[in-house]
Every structure is written in C-alpha cells, then in structure tokens.
Amino acid sequence: MQAPTFLQRFFEGAPAGIVGCLRCRGSRDYAGELRMAFQPIVDVERREVFAYEALVRGADGASAGQVLSSITPEQLYGFDQTCRVLAIDTAQRLGMQARLSINFLPNAVYEPATCIRLTLAAANKVGFPPERLIFEMTEAEQIRDPQHALSIVRDYQKRGFLTAIDDFGAGYSGLNLLADYQPQLVKLDMALVRDIERNRARQASVGGVLGTCTALGVQVIAEGVETRAEYEQLRRMGVSLFQGYLFARPAIEAIPDPDWSALG
C-alpha cells in the first residue's frame, strides 16, 4: 500500500471539497518528499526584511532545477499545490513574521478561484495570515495561455495578494508581460544584475525597465545580487529592494537574518 503523500497527511480529516481538490481533473498528487528553503528580500531604505521567498528543495537538498526536471505533466498540479502548502506550513512552523513569497506555475492552475482553495485552507489551518502572501509568476516558463495566466493574476490581486513577475528579462515575453499583467512587483533576472557596474548594455536595459516600472507604479526587486559593486550600481539607479548572496544565502527549513554589514 502506497504511503500517504504530504498533502494527504496535511489535509487528513478536511472537508470533502478540500479533499476533492487533491484529485482535481484527475491529476496526480505529488508523492515525492520536498523541503523548503527561505531567502530574504530586503528593503535597504528601511533596513528591514520585505519578504522571504520560499524555494523548493529535494529531501536530500537537491536544487529547485533538479526537482523541477523530474516533474511530469501529470504531476504539475499536485507539485504546485504541494509547494504552496509546504511553504506556508514551514514558514508558520518557523515563526515567520514577514511576507511569504511563493512561486506558482500558471500552466498548473486550472481555474483561479478553485485552485487557490488549498492555499487558503492551508493558511487557515496553521494560522498564517493570508494577506502576507505574495505570488510570483516566472517569466522563464512559457505561458501556454496568456489570457488564462492574466485571469490568475487578476483573481489574486482582487483577493488582496501582491503579485510578482520573477526572472524578468530572462524569458519569453519581456515588456509585453509587464504591460499586460501589471503586477505590483518585478524581479530583475540575475543575468541582468551580474557585473552591471561595468556593463553599459545591462545598465541601459535595467534603466529602461526601471523607467517603465516607475511609470506603472511597479516596485523592482534586484535578485541574484552577489557583490557590493552590483549593489551600489543598482542603488544609484534607484533600486531599494534586493535579494541575493550579498545579504543572505537560502537556508533550508530556517529563516536567515540578512547581513546588513553589506550596506557599509
């Protein structure tokens, strides 16, 4: 007999409607064991943590890329839901007080109002305030149905959640994605950030994104910041939200404190 999955264990005894969500449209629950790592997003103007991003890891510490490479299309929905619930459960268990940023796969969401049910049920069960949730949609994943993805973002925004485009500048749609979706947050891909202090082309590209985001009222997060020189260049350009090894590395099942000495 197959052992119960994480979602089955977590929602044991839940109402029938929630249990039914685990088998939505005949999808398969994700049976693998996962862990969650957390990395801070810091607000350098306020010198405080803006949010923690939840980053999936394998049971043995395998990277997100390694985990994702093993997911089949049939497992996509179950995997997405497992990551959401595990992130919320782990964050609450660790006593997280900041916002929690969760990556979601738009291609795994069938219907926004239905697929958010497990997320809200998990937050309610463990006592994590749902208003502290942020949902990140990666630009690196090719979106099969842009209108469907837009309906997800709009639904989440109507519910009061902050939304973000992750890996901006590395994927498929670029500024069209920003113009159509208008999230509250955009995360610059680390490829744009790397060595930006000595790369005029990257400075021009990031400057253009910053100008567009300012006009739209979108906050920009520079992710993957590893050096003081990268930080200082981006700071001069007006960025105030940062994520990267310069401040803290991801920690598995722990909430790392930022290294504020990086600011000088």
Side-chain angles (χ1 to χ4, degrees), residues 36-56 80-81 83-92 96-106 108-109 112-113 115-124 126-141 143 148-169 171 173 175 177-189 209-210 212-225 238-244 247 250 255 258:
M36 279 291 158
F38 299 97
Q39 186 178 32
I41 300 168
V42 299
D43 184 329
V44 298
E45 290 186 352
R46 297 176 179 270
R47 287 209 171 205
E48 65 183 24
V49 174
F50 175 79
Y52 281 93
E53 181 181 3
L55 301 162
V56 68
D80 182 71
Q81 295 291 341
C83 288
R84 295 176 184 224
V85 174
L86 182 60
I88 292 169
D89 183 44
T90 308
Q92 182 67 10
M96 185 181 295
Q97 298 299 308
R99 297 179 183 90
L100 172 63
S101 191
I102 299 174
N103 292 278
F104 76 94
L105 304 171
V109 176
C115 293
I116 196 67
R117 292 177 67 191
L118 290 182
T119 306
L120 297 176
N124 180 66
V126 302
F128 190 89
E131 63 270 16
R132 295 213 310 256
L133 294 175
I134 302 172
F135 289 97
E136 296 186 23
M137 176 178 65
T138 178
E139 192 198 347
E141 181 190 19
I143 298 171
H148 176 62
L150 179 59
S151 73
I152 299 169
V153 173
R154 291 288 180 263
D155 182 82
Y156 288 0
Q157 290 175 339
K158 287 178 182 177
R159 295 173 184 273
F161 299 129
L162 294 181
T163 58
I165 297 176
D166 193 14
D167 303 314
F168 190 80
S173 303
L175 291 175
L177 193 65
L178 176 58
D180 292 341
Y181 291 66
Q182 293 190 29
Q184 290 93 343
L185 299 159
V186 159
K187 300 181 75 175
L188 294 174
D189 184 70
V209 172
L210 291 173
T212 302
C213 287
T214 298
L216 294 174
V218 176
Q219 289 185 281
V220 173
I221 300 168
E223 62 179 342
V225 178
V239 178
S240 61
L241 298 177
F242 291 84
Q243 180 179 0
F247 298 97
I255 302 175

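None of these values were measured; they are calculated from a predicted model.
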Open item on the list: Consider side-chain hydrogen bond (donor to acceptor under 3.5 Å, both in side chains). Of Gln39, Lys187, Arg99, which one does Glu53 pass it with?
Closed with: Lys187
State the [atom1]-[atom2] distance between [X] and [Y], to the nearest 0.5 angstrom.
X	Y	atom1	atom2	value
Phe242	Ile221	CZ	CD1	11.0 Å
Asp166	Leu188	CG	CG	10.5 Å
Arg46	Leu241	CZ	CG	10.0 Å
Gln97	Gln92	CD	CD	8.0 Å
Met137	Leu185	CE	CG	12.5 Å
Gln219	Leu162	CD	CG	8.0 Å

Closest heavy-atom contact between [X] and [Y]?
X	Y	answer
Ala98	Arg132	O-NE, 3.1 Å
Glu136	Ser101	OE2-OG, 2.5 Å
Leu100	Ala87	CD2-O, 3.8 Å
Pro250	Ala37	CB-CB, 4.2 Å
Val239	Val220	CG1-O, 4.0 Å

[Y] and [X], any side-chain heavy atoms less than 4.5 Å apart:
X	Y	result
Glu223	Asp167	yes
Thr119	Gln81	yes
Cys83	Asn103	no
Met96	Ile88	no
Tyr156	Leu133	no

Open item on the list: For Phe161, give me all partners under ring-ring contact (aromatic ring centres under 6.0 Å, His included), at least two apart in sequence or on another chain.
Closed with: Phe135
Task: Stepwise side-chain contact (heavy atoms from CB on, under 4.5 Å) test for Thr90 and Phe38 - done: CA-CA 10 Å; Thr90 308; Phe38 299 97; 3.6 Å; yes
Open item on the list: Are more than 12 heavy atoms, taken from residues, nucleotides or ligands other than Arg47, located less than 6.0 Å from that residue's CZ atom?
Closed with: yes
Task: Set of side chain to side chain donor-acceptor pair (under 3.5 Å) partners for Thr163, sequence neighbours left out - done: Gln157, Gln184
